[in-house]
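Quick caveat: nothing in here was measured; it's all calculated off a predicted structure.
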Amino acid sequence: MSAKSILSLTHKEARSFFLRPSSYCTFDLPGYFTFGNVLKEAESIIKQKKGLRNCCVLKDPTKTNKESNILYPSNFHEVNYTIFANKDADLSWRPLQLIHPVLYVALVDLITDKDNWNKIVGRFKYFRKTKCIRCKSMPVCSNIRNDVQQISNWRKDVVNETLKKSIDFNYIYETDIANCYSSIYTHSITWSLHGKEESKRLLQKDKLRGELGHSIDSMIQGMTYGQTNGIPQGSILMDFIAEVVLGYIDIKLERAIKESKITNYYVIRFRDDYRIFVNTREDGQQILKCLSDVAHDMGLRLNSSKTNSTDSIVLKSVKKDKIALINDFRDYKSYINRSTSPSKQQAYYIDYLLKIYTFSLDNPNSSQISAPLTELFESIIEPDKIHNKREMISIIADLAYRNPSVQLFRTYIGIVSKLIEPYAVSTKKSLMGKFCKKISRLANTDYLDIWMQRLLTPIGMQWNFSTRLCQIISGTRKELWNSDWMKPDLKQRIESCSIYDVAALSAIPAVLSIKEINIFSNPYIEAPEK
């Protein structure tokens with residue numbers, strides 16, 4: 001099917017789309033993980049226990065739990081499960097969450113109720129009245145993986161649009177919102193759907209409870225221990241809710257720019273990333289100030305370290321490390337295989353890996369090395385004939401330690417899975433023990449641990465991973481989410497529902513496939529709804 005904006009779906013189509021396992025979890029996990037069964041079980045629970053939906057709101061402050069006979073999830077810690085993904089080999093990290101399936105389904109039901117869905121779609125039509133501010137990140141429904149679709153949209157709608165605008169404007173300013181999802185004030189969801197002034201008026205008259213925005217706000221607080229700062233990141237549902245807040249910011253930004261008497265400008269927004277096109281530096285600085293003020297009014301702030309400007313719009317359409325990659329790896333597709341001499345090919349493997357390593361030192365935390373790493377992975381056909389396998393494993397371990405990008409880590413271990421293939425099991429375990437020790441020195445390695453376990457499992461190696469998903473696979477833990485707020489029988493139904501395919505786990509090959517490490521090699525997901 002062709003990609004369709006989520007706003008063009010009916011409420012039933014939207015519900016079906018949000019309940020796809022690939023919409024529930026948008027970050028890559030090994031193929032044996034599956035959330036389809038637990039989502040269906042959650043649907044069944046919600047359908048059978050309609051009153052359970054009342055548990056998905058904040059505790060009534062006028063009643064005790066004993067008086068209301070309800071345990072509210074907002075009273076319980078770790079209702080959602082959080083995976084920490086290291087971003088830069090330092091202390092920077094991104095929290096990714098698997099929302100409690102019952103709360104997730106309840107929120108989907110609320111948002112895709114026919115009347116509520118029509119209200120939300122109508123609100124987005126209002127947001128889209130902005131003439132010079134364009135959102136390019138609205139989720140789309142297709143049979144293409146969400147991450148592939150998003151990258152495709154970025155290239156088509158942001159990069160290409162930037163190049164087109166270079167003929168109309170002299171300057172481009174870039175900025176983004178610092179820690180956007182973690183910083184979104186949940187009350188701002190209500191403001192975005194109903195207007196800030198109207199929301200405050202309803203609140204003063206004690207009429208806000210029951211309004212759609214307030215209900216969404218309360219449900220999200222129910223997932224996050226009653227906190228009002230931050231929304232869970234890691235699902236299309238939350239991407240959509242973030243777009244509600246960011247769409248409202250678009251409207252407020254346009255008003256602020258108009259009040260500043262600026263008329264000749266253009267803004268492209270991709271989620272919380274902004275590209276601002278102007279013809280004078282004064283206009284660019286003023287629009288940045290307007291955006292900063294609007295963001296502050298919504299409880300957000302701009303990321304000063306990522307705010308910059310240039311008069312070379314064409315070059316700005318492509319990242320600096322991408323340009324460096326083009327220059328440094330101009331011939332990477334033929335680098336290894338260009339010589340027929342076996343001895344020279346032996347040297348090329350490690351030389352090429354060192355070339356990648358050097359590039360990563362010059363361009364820290366760059367994801368651009370994905371292409372040459374993938375090329376290296378595919379070029380290794382007969383690993384038993386490579387003489388420098390251990391040296392290469394050491395280089396990859398240090399590369400992974402210095403640049404533990406979640407997008408790249410699968411490629412690292414994919415190459416390692418090929419290099420260790422010829423060794424005896426005892427040697428494999430010894431080498432991988434050293435690899436694991438190296439990676440374990442990093443902070444926030446949950447995501448890396450999950451993929452390390454994928455590498456170790458086929459060779460029969462256990463490692464003491466503290467990550468809960470790993471512990472479920474190893475059999476040392478059963479529950480993923482805190483379901484203590486549910487009645488015992490309902491809690492048991494969720495906890496007894498497996499989140500991984502036993503047959504798929506037992507059948508995983510020792511060597512990773514290209515489909516596991518390169519999202520573009522297998523861009524399709526489950527068949528779309530009919």
Peer 1: Name every donor-acceptor pair, under 3.5 Å, that has one atom in a side chain of residues 284-293 and the other anywhere in the protein, sequence neighbours excluded.
Peer 2:
| from | atom 1 | to | atom 2 | distance (Å) |
| --- | --- | --- | --- | --- |
| Gln286 | NE2 | Ser260 | OG | 3.2 |
| Lys289 | NZ | Asp293 | OD2 | 3.0 |

Peer 1: For Phe17 versus Ser23, what's the shortest heavy-atom pair and its separation?
Peer 2: O-OG, 2.7 Å

Peer 1: Side chains of Leu7 and Arg128: closer than 4.5 Å at any heavy-atom pair?
Peer 2: yes

Peer 1: Could you check Tyr171 against Phe277 for ring pair (Phe, Tyr, Trp, His ring centres under 6.0 Å), going step by step and ending with a plain yes or no?
Peer 2: CA-CA 6 Å; Tyr171 301 96; Phe277 302 85; over 10 Å; no

Peer 1: Can you check side-chain contact (heavy atoms from CB on, under 4.5 Å) on Met238 and Gln233, steps first, answer last?
Peer 2: CA-CA 6 Å; Met238 288 299 159; Gln233 184 172 358; over 6 Å; no

Peer 1: So which atom in Cys141 and which in Leu9 form the shortest heavy-atom distance, rounded to 0.1 Å?
Peer 2: CB-CD1, 4.0 Å

Peer 1: List the atom of Glu243, the atom of Ser137, and the distance in Å for their closest heavy-atom pair.
Peer 2: OE2-OG, 2.6 Å

Peer 1: I'd like to check Arg454 versus Leu512 (side-chain heavy atoms, cut-off strictly below 4.5 Å). Are they in contact?
Peer 2: yes

Peer 1: Counting C-beta onward and ignoring hydrogens, is there a side-chain heavy-atom pair between Ser235 and Tyr104 closer than 4.5 Å?
Peer 2: yes

Peer 1: Would you confirm whether Tyr24, through its side chain, and Ile99, through its main-chain N or O, come within 3.5 Å as a donor-acceptor pair?
Peer 2: yes

Peer 1: With rounding to the nearest 0.5 Å, note down the distance linking CG in Leu361 to OG in Ser366.
Peer 2: 12.0 Å

Peer 1: Find out whether Ile313 and Phe169 are in side-chain contact, i.e. whether some heavy atom of one side chain is under 4.5 Å from a heavy atom of the other.
Peer 2: yes

Peer 1: Show, in sequence, the C-alpha distance, side-chain angles and deciding distance for Lys200 and Glu197, and conclude whether the salt bridge (Lys or Arg N to Asp or Glu O under 4.0 Å) test is met.
Peer 2: CA-CA 5 Å; Lys200 289 185 176 294; Glu197 293 73 20; over 6 Å; no

Peer 1: Is the number of heavy atoms from other residues, nucleotides or ligands within 6.0 Å of CZ (Arg281) greater than 12?
Peer 2: yes

Peer 1: Taking Arg410 for its side chain and Asn518 for its backbone only, find out whether a donor-acceptor pair lies under 3.5 Å.
Peer 2: no

Peer 1: Going from CD1 on Ile499 to CD1 on Ile494, what distance comes out if it is rounded to the nearest 0.5 angstrom?
Peer 2: 11.5 Å

Peer 1: Is any side-chain heavy atom of Asp28 closer than 4.5 Å to one of Glu516?
Peer 2: no

Peer 1: Test your reading of the model: is there a side-chain donor-acceptor pair from Tyr72 to the backbone of Gly226, 3.5 Å cut-off?
Peer 2: no

Peer 1: Answer yes or no: is there an ion pair linking Asp273 with Lys306, defined by an N-O contact shorter than 4.0 Å?
Peer 2: no

Peer 1: Could you check whether any side-chain N or O of Thr307 sits under 3.5 Å from a backbone N or O of Asn303, counting only pairs where one atom can act as donor and the other as acceptor?
Peer 2: yes

Peer 1: Could you go through Thr228 and His187, starting from their C-alpha distance and side-chain angles, then the distance that decides it, and tell me whether this counts as side chain to side chain donor-acceptor pair (under 3.5 Å)?
Peer 2: CA-CA 7 Å; Thr228 58; His187 293 343; 5.3 Å; no

Peer 1: So how far is it from Lys252 NZ to Asp250 CG, rounded to the nearest 0.5 Å?
Peer 2: 12.0 Å

Peer 1: If we ignore angles and hydrogens, is there a donor and acceptor under 3.5 Å between the side chains of Gln407 and Ser405?
Peer 2: yes

Peer 1: Does a donor on one side chain sit under 3.5 Å from an acceptor on the other, for Tyr357 and Arg402?
Peer 2: yes

Peer 1: So among Asp109, Leu107, Val108, which one has a side-chain contact (heavy atoms from CB on, under 4.5 Å) with Ile111?
Peer 2: Leu107

Peer 1: Looking just at side-chain N and O atoms, do Tyr181 and Asp239 make a donor-acceptor pair shorter than 3.5 Å?
Peer 2: yes

Peer 1: If you measure from the Lys or Arg side-chain nitrogens to the Asp or Glu carboxylate oxygens, is any gap between Glu43 and Lys40 under 4.0 Å?
Peer 2: no

Peer 1: Check for a donor-acceptor pair, side chain of Tyr447 on one end and backbone N or O of Leu96 on the other, with a separation under 3.5 Å.
Peer 2: no

Peer 1: When rounded to the nearest 0.5 angstrom, what distance separates CD1 in Ile276 from SG in Cys132?
Peer 2: 12.5 Å

Peer 1: Measure the shortest side-chain to side-chain distance between Glu161 and Val158 over non-hydrogen atoms and say whether it is less than 4.5 angstrom.
Peer 2: no

Peer 1: Scan residues 226-262 for pairs that pass ring-ring contact (aromatic ring centres under 6.0 Å, His included), counting only residues two or more places apart or in two chains.
Peer 2: Phe18-Phe240, Trp117-Phe240, Phe124-Phe240

Peer 1: Apply salt bridge (Lys or Arg N to Asp or Glu O under 4.0 Å) to the pair Asp157 and Arg134, showing each step before the final yes or no.
Peer 2: CA-CA 10 Å; Asp157 296 332; Arg134 289 289 179 264; over 6 Å; no

Peer 1: Would you confirm whether Ser166, through its side chain, and Leu163, through its main-chain N or O, come within 3.5 Å as a donor-acceptor pair?
Peer 2: yes

Peer 1: Indicate yes or no for a side-chain donor-acceptor contact from Ser199 to the backbone of Thr190 under 3.5 Å, with no hydrogens or angles considered.
Peer 2: yes

Peer 1: Regarding Glu211 and Lys119, does a basic nitrogen lie under 4.0 Å from an acidic carboxylate oxygen?
Peer 2: no

Peer 1: Consider only side-chain N and O atoms of Glu78 and Asn482, and report whether a donor and an acceptor are under 3.5 Å apart.
Peer 2: no

Peer 1: Of all the heavy-atom pairs spanning Ile257 and Tyr265, show the shortest one and how long it is.
Peer 2: CG2-CE2, 3.4 Å

Peer 1: When you measure from the side chain of Ser16 to the backbone N and O of Glu13, does any donor-acceptor pair fall under 3.5 Å?
Peer 2: no

Peer 1: Can you tell me how far CG of Leu300 sits from CG of Asp272, rounded to the nearest 0.5 angstrom?
Peer 2: 9.0 Å

Peer 1: For residues Leu103 and Ile220, determine if any side-chain heavy atom of one lies less than 4.5 Å from a side-chain heavy atom of the other.
Peer 2: no

Peer 1: For Ser309 and Glu174: C-alpha separation, side-chain torsions, deciding distance, then whether side chain to side chain donor-acceptor pair (under 3.5 Å) applies.
Peer 2: CA-CA 6 Å; Ser309 65; Glu174 284 188 315; over 6 Å; no

Peer 1: Is it true that a side-chain atom of Ser8 and a backbone atom of Lys4 form a donor plus acceptor pair closer than 3.5 Å?
Peer 2: no

Peer 1: Is any side-chain N of the basic residue among Lys131 and Glu254 closer than 4.0 Å to the acidic one's carboxylate O?
Peer 2: no

Peer 1: Side chains of Ser360 and Asn403: any donor to acceptor distance under 3.5 Å?
Peer 2: no

Peer 1: Measure the spacing between OG1 of Thr175 and OH of Tyr274 and express it to the nearest 0.5 Å.
Peer 2: 9.0 Å

Peer 1: Should Leu98 and Asn80 count as side-chain neighbours, where that means a heavy-atom distance under 4.5 Å?
Peer 2: no

Peer 1: For a side chain to side chain donor-acceptor pair (under 3.5 Å) check, start with the C-alpha distance between Thr186 and Asp217, then their side-chain angles and the critical distance, and finish with the verdict.
Peer 2: CA-CA 5 Å; Thr186 60; Asp217 174 8; 2.7 Å; yes

Peer 1: Indicate whether any N or O donor in one side chain lies under 3.5 Å from an N or O acceptor in the other, for Asn37 and Glu41.
Peer 2: no

Peer 1: Quick one: are the ring centres of Trp191 and His214 less than 6.0 Å apart?
Peer 2: no

Peer 1: Can you find a side-chain donor-acceptor pair between Arg275 and Thr162 that sits under 3.5 Å?
Peer 2: yes

Peer 1: What is the minimum heavy-atom distance between Ser183 and Ala178, and which atoms define it?
Peer 2: OG-O, 3.4 Å

Peer 1: Can you see which heavy atom on Phe27 is nearest to which on Gln97, and at what distance?
Peer 2: CE2-O, 4.1 Å

Peer 1: Taking everything shown except Ile167 itself, do over 12 heavy atoms lie less than 6.0 Å from its CD1?
Peer 2: no

Peer 1: Would you say Thr445's side chain and Leu448's backbone share a donor-acceptor pair under 3.5 angstrom?
Peer 2: no

